[in-house]
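Just so we're on the same page: letters track the sequence lines, and every chain starts at 1. What you see is a predicted model, and the numbers here were worked out from it, not measured in a lab.
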Amino acid sequence: GAVVSQHPSRVICKSGTSVKIECRSLDFQATTMFWYRQFPKQSLMLMATSNEGSKATYEQGVEKDKFLINHASLTLSTLTVTSAHPEDSSFYICSAVDNRGRSTDTQYFGPGTRLTVL
Amino acid sequence: QKEVEQNSGPLSVPEGAIASLNCTYSDRGSQSFFWYRQYSGKSPELIMFIYSNGDKEDGRFTAQLNKASQYVSLLIRDSQPSDSATYLCAVNMGGAQKLVFGQGTRLTINP
């Protein structure tokens, strides 16, 4: 159990375009999902907390108008990188909290989306 | 600032030996502790979590938690080359299921 998928796995786009990344919990419902970004040889950087049915909570320094998050259902959260620029090129990873069982705060990660902005 | 610290390594261990990974955290009130493994170019995968002081074993992995000293460790017995990866320590410091991650320890198992 606790499988999280992401789509697409890899995207290359031109500067100025918008890119949407989907994160799905496949075998459980997730009221809370998280979006992270990871640059090469660095650790995960939390961008925002996505809560089903409410607005996302963004970490300090993350532009909410640039990184739009929508958590419309208990199994789907989307991250849209608007007007992407080369400096947005990174590995974007989502995670979902599986509230079943003993652990109520265990995060399971999706496989990630590698974004390259030309 | 709430922090989780790990030695970035690289930590090199011969195949078959025990690999020991350590992590310290700043918030004494932390309740949940996690170890993730991340292969190069891939996303993190959960190895195990621990809530209570003491040891928790799962196969070749043992997590150890000492809340008084604010450290958590991961032991890997009978290390295999496939264990070579970056190991991330993560701590829930009471922020609505949010985890604070360490910078990770790069582990290499030498055949």
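- Contact residues of residues 57-64 of chain A toward chain B are A/Glu59 (heavy-atom distance under 4.5 Å).
- Side-chain contact annotation: A/Ser77 with A/Asn70, donor-acceptor N/O pair under 3.5 Å absent.
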Give the intermediate values and the outcome of side-chain contact (heavy atoms from CB on, under 4.5 Å) for residues A/Gln38 and B/Gln38. CA-CA 12 Å; A/Gln38 187 175 37; B/Gln38 186 175 25; 2.7 Å; yes

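- Applying the 6.0 Å contact sphere to NZ of B/Lys42 captures no more than 12 heavy atoms from other residues, nucleotides or ligands.
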Stepwise side-chain contact (heavy atoms from CB on, under 4.5 Å) test for B/Arg60 and B/Gln80: CA-CA 10 Å; B/Arg60 295 187 296 113; B/Gln80 303 296 311; 4.1 Å; yes

Go through it in stages, so that I can follow the logic: the residues are B/Lys67 and B/Gln31, the test is side-chain contact (heavy atoms from CB on, under 4.5 Å), and I'd like the CA-CA distance, side-chain angles, deciding distance and then a yes or no. CA-CA 9 Å; B/Lys67 290 186 179 180; B/Gln31 296 295 320; 3.7 Å; yes

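- Aromatic pair A/Phe91/A/Tyr36: ring centres not closer than 6.0 Å.
- By the 4.5 Å heavy-atom criterion applied to side chains, B/Thr24 and B/Gln6 are not counted as neighbours.
- Within residues 40-47 of chain A, the residues that have a heavy atom under 4.5 Å from a heavy atom of chain B are A/Ser43, A/Leu44, A/Leu46, listed by number.
- Taking the six-membered ring where tryptophan is involved, the planes of B/Phe49 and B/Phe34 are tilted, since the angle between them lies from 30° to 60°.
- At a threshold of 4.0 Å, the pair B/Lys98-A/Asp105 does not count as salt-bridged, since none of the basic side-chain nitrogens sits closer than that to a carboxylate oxygen.
- Of the listed residues B/Ser43, B/Gly104, B/Ser32, B/Gly41, the one with more heavy-atom pairs under 4.5 angstrom with chain A than any other is B/Ser43.
- Using bins of under 30°, 30° to 60° and over 60° for the plane-to-plane angle, the ring pair B/Phe33/B/Tyr25 lands in the tilted bin.
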